[in-house]
Amino acid sequence: MPSSPIVVLADDLTGACEIAAIGMRYGLRSAVSVDLQHDCEDVDLLVIDTETRLDSPAFAAARLQGCLAAIEHAAQQGRLFKKTDSTLRGPIAAEVTLLADKLGYERVLLAAGNPQLGRTINKGYYRIYGKPLHETDFARDLHHPAHSAWIINLLGATTSMRIHRCSKDEAIPKEGIVAVDVSSTEDFTFWSHHVSEQTLPAGSAAFFEAILKMWRPTASQINPVLPDDIPERPLMLLSGTTASTQIQGLRQLRDQSASAIGLRVDDFAST
């Protein structure tokens with residue numbers, strides 16, 4: 001094990017916890033911190049929640065300035081990952097541009113999407129189960145409504161790094177923000193092998209898992225040990241999604257789980 005941990009910057013708490021859970025599944029001592037100056041040497045994976053998802057591009061970049069000292073060593077060792085929303089919400093271009101400028105990266109390799117949830121990118125167009133992103137529930141997102149399915153439009157403008165899109169059969173640009181196509185889980189593995197010392201990997205949790213396998217080739221998934229008395233405790237399921245398809249899936253999971261352990265549950269409440 002390297003002496004310093006892998007460091008991941010996430011733009012919200014749920015994304016940070018998702019990354020930490022992946023680390024735990026692979027047997028890594030994982031921690032989530034909301035302290036931008038956190039420098040933790042007693043874990044294998046440190047996830048810093050910057051809480052920048054809803055910030056303006058300028059404010060998000062300024063906020064990331066506050067964590068540069070804590071992440072510089074991880075960047076020098078090639079163990080820094082920028083977690084983004086899988087549907088590219090938030091000031092992503094501004095954040096990765098700041099990190100590249102300050103930490104010396106020539107290229108940002110951005111692999112978003114989540115094919116297991118039908119979220120794919122093909123020839124630069126983002127679709128969910130085949131439907132263009134701006135024709136899905138994400139068009140009505142309260143903070144980042146999707147007005148386009150074209151990935152460059154979703155990322156918006158950046159001042160010092162050009163944004164490219166790239167498919168697997170194309171030469172990868174050596175500089176700039178490279179937003180890549182993702183149609184299957186295997187594509188994340190393909191792109192992970194194109195991360196060099198001068199490349200900052202960024203993207204969804206699925207891309208981080210592929211990167212983790214490359215950084216820790218001996219790591220393997222383990223079954224988390226859960227307390228035996230969990231079914232006897234009151235359980236609360238909190239979901240922040242407004243997507244009708246995901247709400248339907250959560251209801252189905254809830255009903256199946258409740259039936260299996262003999263619980264009576266109330267229906268989801270609005271807001």
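Bear in mind the structure is a predicted one, so any value in this text is a computation, not a measurement.
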Under a 4.5 Å cut-off applied to non-hydrogen side-chain atoms, are [X] and [Y] in contact?
X      : Y      : value
Ile6   : Leu212 : yes
His143 : Arg89  : no
Val8   : Leu46  : no

Once you round to the nearest 0.5 Å, how far does [atom1] of [X] lie from [atom2] of [Y]?
X      : Y      : atom1 : atom2 : result
Ile151 : Tyr126 : CD1   : OH    : 8.5 Å
Leu9   : Asp49  : CG    : CG    : 10.0 Å
Ile48  : Cys67  : CD1   : SG    : 5.5 Å
Leu109 : Thr199 : CG    : OG1   : 6.5 Å
Phe188 : Met214 : CZ    : CE    : 14.0 Å
Ile92  : Asp85  : CD1   : CG    : 6.5 Å

Practice item. Assess the side chains of Glu197 and Tyr105: does a donor N or O sit below 3.5 Å from an acceptor N or O? Key: no

Review point. Is it the case that Thr189 and Ser192 place a side-chain donor and acceptor less than 3.5 Å from each other?
Key: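 Checked: Thr189/Ser192 side chains show no N/O donor-acceptor pair below 3.5 Å.
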
Practice item. Assert yes or no for the condition that the ring centre distance of Phe207 to Trp191 is strictly below 6.0 Å. Key: no

Practice item. Can you sort out the partners of Ser160 under side chain to side chain contact (heavy atoms under 4.5 Å, CB included), two or more places apart, ordered by chain and number? Key: Thr97, Asp101

Practice item. Go through the steps for Leu68 and Leu99 under the test side-chain contact (heavy atoms from CB on, under 4.5 Å), then give the verdict. Key: CA-CA 8 Å; Leu68 292 178; Leu99 294 173; 4.2 Å; yes

Review point. Any salt bridge between Glu170 and Arg165, counting N to O under 4.0 Å?
Key: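 Salt bridge flag = yes for Arg165 with Glu170.
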
Review point. Salt bridge between Lys102 and Glu72, side-chain N to carboxylate O under 4.0 Å?
Key: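 No salt bridge links Lys102 with Glu72.
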
Work out which heavy atom in [X] is nearest to a heavy atom in [Y]; give both atom names and the distance.
X      : Y      : value
His194 : Arg107 : O-NH2, 3.0 Å
Ser86  : Ser204 : CB-CB, 4.0 Å
Glu51  : Asp12  : OE2-CA, 3.5 Å
Met161 : Glu106 : CE-O, 3.9 Å
Lys213 : Tyr26  : CE-OH, 2.8 Å
Pro115 : Val182 : CG-CG1, 3.7 Å

Practice item. Begin with the C-alpha distance, continue with both residues' side-chain angles, and end with the deciding distance and a verdict on side-chain contact (heavy atoms from CB on, under 4.5 Å) for His73 and Val7. Key: CA-CA 9 Å; His73 192 202; Val7 176; over 6 Å; no

Practice item. Using the test ring pair (Phe, Tyr, Trp, His ring centres under 6.0 Å), find all partners of Phe59 that sit at least two apart in sequence or belong to another chain. Key: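 In terms of ring pair (Phe, Tyr, Trp, His ring centres under 6.0 Å), with neighbours along the sequence ignored, Phe59 is linked to no residue.
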
Exercise for review: Check step by step if side-chain contact (heavy atoms from CB on, under 4.5 Å) holds for Ser30 and Asp44.
Suggested key: CA-CA 6 Å; Ser30 305; Asp44 304 311; over 6 Å; no

Exercise for review: Evaluate the side-chain contact (heavy atoms from CB on, under 4.5 Å) criterion for residues Val32 and Leu13: first the C-alpha distance (whole Å), next the side-chain angles of each, then the deciding distance (0.1 Å), finally the verdict.
Suggested key: CA-CA 9 Å; Val32 174; Leu13 184 58; 4.1 Å; yes

Determine yes or no for a side-chain-to-main-chain donor-acceptor pair under 3.5 angstrom, with [X] supplying the side chain and [Y] the backbone.
X      : Y      : value
Arg140 : Pro145 : no
Asp181 : Gly124 : yes
Asn153 : Trp150 : no
Arg119 : Thr87  : no
His144 : Arg53  : yes
Ser167 : Asp169 : no

Review point. Can you get from Ile152 to Val96 by hopping between Ile, Leu, Val, Met, Phe, Trp and Tyr side chains that sit under 4.5 Å apart?
Key: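 Yes, one cluster joins them.
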
Check your understanding: When you look at Glu175 and Arg162, which way does the salt bridge (charged side-chain N to carboxylate O under 4.0 Å, His left out) test go after all the steps?
Key -> CA-CA 8 Å; Glu175 298 179 344; Arg162 182 180 176 185; over 6 Å; no

Exercise for review: I would like to know whether Arg127 and Thr120 meet side chain to side chain donor-acceptor pair (under 3.5 Å); could you show each step before the answer?
Suggested key: CA-CA 5 Å; Arg127 293 179 174 85; Thr120 59; over 6 Å; no

Review point. Do any pairs count as a ring pair (Phe, Tyr, Trp, His ring centres under 6.0 Å) and have a residue in residues 159-186, sequence neighbours left out, and if so which ones?
Key: none

Exercise for review: Kindly confirm or rule out a cation-pi arrangement of Lys168 over Phe190, judged by NZ or CZ under 6.0 Å from the six-membered ring centre and within 45° of its axis?
Suggested key: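 Judged by the rule, Lys168 and Phe190 form a cation-pi pair.
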
